[in-house]
Amino acid sequence: MSPTPLADLDLPEFPLPGPEIRGETWHAMMDGIIEEGAGDDVWLARNPIATLVADREAGEFFLRSRSARFPGEYLYETFGINEGPLHDQIRHNLLNTEGDRHRRLRGLVNPSLTPKAVEKYRPAIREYLAELWERLDDPTEFDFIEAIAKPLPAMTIARVMGAPAEDAPKLWDWSNWIQQQFDPVALADPGVLETIQEKVVEFQHWIKPMVAAKRGNPGDDMVTELIAAEEEGERLSDTELENLVLNVLVGGVDTTQSQLSHIVRLLADSPDQWQALREDPGTLIPRAVEEGIRYEPITPFTARMLTEDVEYRDVLFPEGTPLIICAYTANRDPDVFTEPAEFDITRDPKGTRTLTFGAGIHYCAGTNLAKLELGEALSFLAERAGTLELASEPAYASPIGVYGIDSMKIRITPA
Ligand code: HEM
């Protein structure tokens with residue numbers, strides 16, 4: 001039997017989340033897709049621009065497929081980004097790179113981000129948390145995002161890069177602007193596009209002298225490690241080196257910020273689980289991290305474009321098909337997770353992969369660092385907060401791009 005062309009399938013509609021969709025309305029909309037699919041084995045949905053892949057196995061298949069690429073070039077052609085600093089940066093971005101070139105560049109970054117390698121940042125992360133805590137006017141009620149979730153990842157990335165801690169706010173600003181290169185809604189605004197271009201130039205003016213300084217005065221950081229690889233003959237050009245550092249910066253700041261914000265929100269909403277976590281932090285902090293990453297993936301969507309026809313589950317997906325791979329629905333796939341709609345930090349994550357960090361060759365390079373930061377932040381809070389609750393409604397950002405929280409007050413009883 002020949003496969004059914006994708007266009008002939010009768011698929012449920014998946015509306016693009018508009019500005020009003022966030023928080024509970026976001027969950028309701030996405031849970032609707034899962035429920036619609038539940039009885040009929042529906043694993044695809046459609047909207048005017050792309051086909052959404054809803055289940056874990058299929059999502060992983062397309063993320064791992066050699067016939068699918070991140071649609072960077074398509075996005076930038078659509079928005080007329082054909083030259084200039086952002087265009088040059090995009091050409092070198094790991095996500096837009098494939099094959100041998102990607103293997104070589106990833107191979108240079110990976111050693112600095114293994115579980116063992118990131119351990120050396122643990123003491124610094126603890127110091128930053130203590131420093132941020134010291135700055136609080138009232139440690140029993142404060143905006144968790146402004147006080148902790150926002151500054152911590154930027155301070156950590158500054159340390160990873162070997163940049164001075166006082167540059168962390170600048171790094172946060174660049175990361176947040178340049179990150180919008182992946183957001184089609186943002187790119188459609190000429191003002192945003194122009195600002196992203198300016199921010200790339202600012203970053204380049206900052207990183208060049210820093211790399212030059214480290215050549216003469218090596219440190220214990222990622223820039224130094226990349227310089228060493230370059231000098232050992234790994235054929236890494238200056239531009240590539242600068243762009244790898246930029247990739248780490250762009251990938252590693254508002255992502256970790258947003259994931260931490262949501263995990264703390266979920267725990268503040270579950271007083272019993274917070275008590276359980278405080279009683280058994282050794283087991284339950286790593287599990288709370290995994291469960292938060294599963295339950296509220298801050299990268300609910302990524303995208304792929306097919307570079308050739310693909311046949312999968314008796315469906316023919318033609319070359320050029322744009323796909324949205326959905327980590328939100330994949331992480332609640334009832335064939336993989338029991339009671340997937342429950343936030344349960346006692347869940348044993350063994351054997352149940354989520355798609356929050358992607359899959360395949362572009363699998364997130366910073367997973368170990370992100371988990372280290374998340375675990376340290378929870379552990380710090382657990383030692384200080386006997387009780388934890390929300391003192392204001394979280395101000396959610398849009399789930400398109402990175403799904404963050406702009407502000408969220410918490411109230412704690414000192415432990
Ligand atoms: C909770 C935090 C984070 C989440 C949820 C996250 C999520 C992701 C996802 C989904 C991808 C793959 C995108 C795709 O295949 O389309 C990715 C790639 C990437 N991430 Fe992360 N990330 C996080 C933290 C970090 C951190 C801390 C760093 C840096 C230290 C980082 C650096 C990168 C880089 C460099 C890539 C590109 C990898 C490649 O193309 O080979 N991320 N991330």
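Atoms within a ligand are numbered from 1 in the order they appear, just like the ligands themselves.
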K.L.:
Check this for me: does any side-chain nitrogen of one of K170 and D167 sit under 4.0 Å from a carboxylate oxygen of the other?
P.N.:
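Answer for the salt bridge query: yes.
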K.L.:
Can a side-chain donor-acceptor contact be found between H27 and E296 if the only test is distance below 3.5 angstrom?
P.N.:
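Short answer, yes.
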K.L.:
Measuring centre to centre across the rings, with the benzene-like ring taken for any Trp, is F182 within less than 6.0 Å of F70?
P.N.:
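Ring-ring flag for F182/F70: true, centres closer than 6.0 Å.
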K.L.:
State the atoms of ligand 1, each with its element, that fall below the 4.0 Å cut-off from a heavy-atom position in Q259.
P.N.:
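Numbered from 1, ligand 1 contributes 1 (C).
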K.L.:
Does any N or O of ligand 1 fall below 3.5 Å from an N or O anywhere on H102, backbone included?
P.N.:
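Yes, since at least one N or O of H102 sits under 3.5 Å from an N or O of ligand 1.
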K.L.:
Which residue supplies the protein heavy atom nearest to atom 36 (C) of ligand 1, what is that atom called, and how far is it?
P.N.:
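Here the closest protein heavy atom is A365 N, 4.0 Å.
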K.L.:
Within the 4.5 Å heavy-atom criterion, are R347 and T338 side-chain neighbours or not?
P.N.:
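The answer is yes, as the side chains (C-beta and beyond) meet within the 4.5 Å cut-off.
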K.L.:
Heavy-atom distances under 4.0 Å decide this one: backbone, side chain, both or neither, for T302 against ligand 1?
P.N.:
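Near ligand 1, T302 shows its side chain, while the N, CA, C and O stay back.
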K.L.:
Is a side-chain donor-acceptor pair under 3.5 Å present for Q181 with Q89?
P.N.:
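There is such a pair (donor and acceptor under 3.5 Å, judged by atom type) between the side chains of Q89 and Q181.
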K.L.:
Does the N or O separation between I298 and ligand 1 drop below 3.5 Å for any pair?
P.N.:
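No, I298 has no N/O under 3.5 Å of an N/O on ligand 1.
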K.L.:
Pull out every atom of ligand 1 sitting under 4.0 Å from any heavy atom of G358, numbered as shown with elements.
P.N.:
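Going through ligand 1 atom by atom, the ones under 4.0 Å from G358 are 10 (C).
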K.L.:
Does the ring center of F203 lie less than 6.0 Å from the ring center of W177?
P.N.:
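F203 vs W177: aromatic centres not under 6.0 Å.
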K.L.:
Under a 4.0 Å heavy-atom limit, does T299 contact ligand 1 with its side chain, its backbone, both, or neither?
P.N.:
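Contact part for T299 vs ligand 1: side chain (C-beta onward).
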K.L.:
Are the charged groups of E291 and R294 less than 4.0 angstrom apart, N to O?
P.N.:
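Salt bridge flag = yes for R294 with E291.
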K.L.:
Counting non-hydrogen protein atoms only, what is the nearest one to atom 4 (C) of ligand 1? Give residue, atom name and distance.
P.N.:
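Scanning the protein heavy atoms, the shortest distance from atom 4 (C) of ligand 1 goes to F357 CE2, 3.5 Å.
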K.L.:
Quick one: do the Q257 and W172 side chains pair a donor with an acceptor below 3.5 Å?
P.N.:
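Short answer, yes.
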K.L.:
Provide the number and element of each atom of ligand 1 under 4.0 Å from a heavy atom of I361.
P.N.:
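Under 4.0 Å from I361, ligand 1 has these atoms: 41 (O).
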K.L.:
Closer than 4.0 angstrom: is that true for some heavy atom of V250 and an atom of ligand 1?
P.N.:
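Outside the 4.0 Å threshold, so no.
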K.L.:
If you measure only the distance, is there a donor-acceptor pair under 3.5 Å linking the side chains of T356 and N331?
P.N.:
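The criterion, which ignores hydrogens and geometry beyond distance, is satisfied for N331 and T356.
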K.L.:
So is H362 polar-close to ligand 1, meaning N/O to N/O under 3.5 Å?
P.N.:
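Yes, at least one N or O pair falls under 3.5 Å.
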K.L.:
For ligand 1, which atoms, with element, lie under 4.0 Å from some heavy atom of L95?
P.N.:
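What qualifies from ligand 1 is 13 (C), 14 (C), 15 (O), 16 (O), 40 (O).
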K.L.:
Give the atoms of ligand 1, by number and element, whose distance to some non-hydrogen atom of L369 is under 4.0 Å.
P.N.:
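Result: 30 (C).
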K.L.:
Using only heavy-atom distances, determine whether the side chains of D221 and Y121 contain a donor-acceptor pair under 3.5 Å.
P.N.:
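No donor-acceptor contact under 3.5 Å links the two side chains.
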K.L.:
Side chain, backbone, both or neither: which part of L94 has a heavy atom under 4.0 Å from ligand 1?
P.N.:
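Both backbone and side chain of L94 come within 4.0 Å of ligand 1.
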K.L.:
Taking the six-membered ring for Trp, are the ring centroids of Y396 and W26 within less than 6.0 Å of each other?
P.N.:
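No: the rings miss the under 6.0 Å criterion.
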K.L.:
Could you tell me if any non-hydrogen atom of K371 lies under 4.0 Å from any atom of ligand 1?
P.N.:
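No.
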K.L.:
Any heavy atom of R304 closer to ligand 1 than 4.0 angstrom?
P.N.:
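It does, in that a heavy atom of R304 comes within the 4.0 Å cut-off of ligand 1.
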K.L.:
Nearest to atom 7 (C) of ligand 1, what protein heavy atom do you find, and at what distance?
P.N.:
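Heavy-atom neighbour on the protein nearest atom 7 (C) of ligand 1: T356 O, 3.6 Å.
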K.L.:
Identify, for atom 25 (C) of ligand 1, the protein heavy atom at the shortest distance, and state residue, atom and that distance.
P.N.:
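Residue, atom and distance for the closest contact: G251 O, 3.2 Å.
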K.L.:
How far is atom 42 (N) of ligand 1 from its nearest protein heavy atom, and which residue and atom name does that atom have?
P.N.:
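So the nearest neighbour among protein heavy atoms is C364 SG, 3.0 Å.
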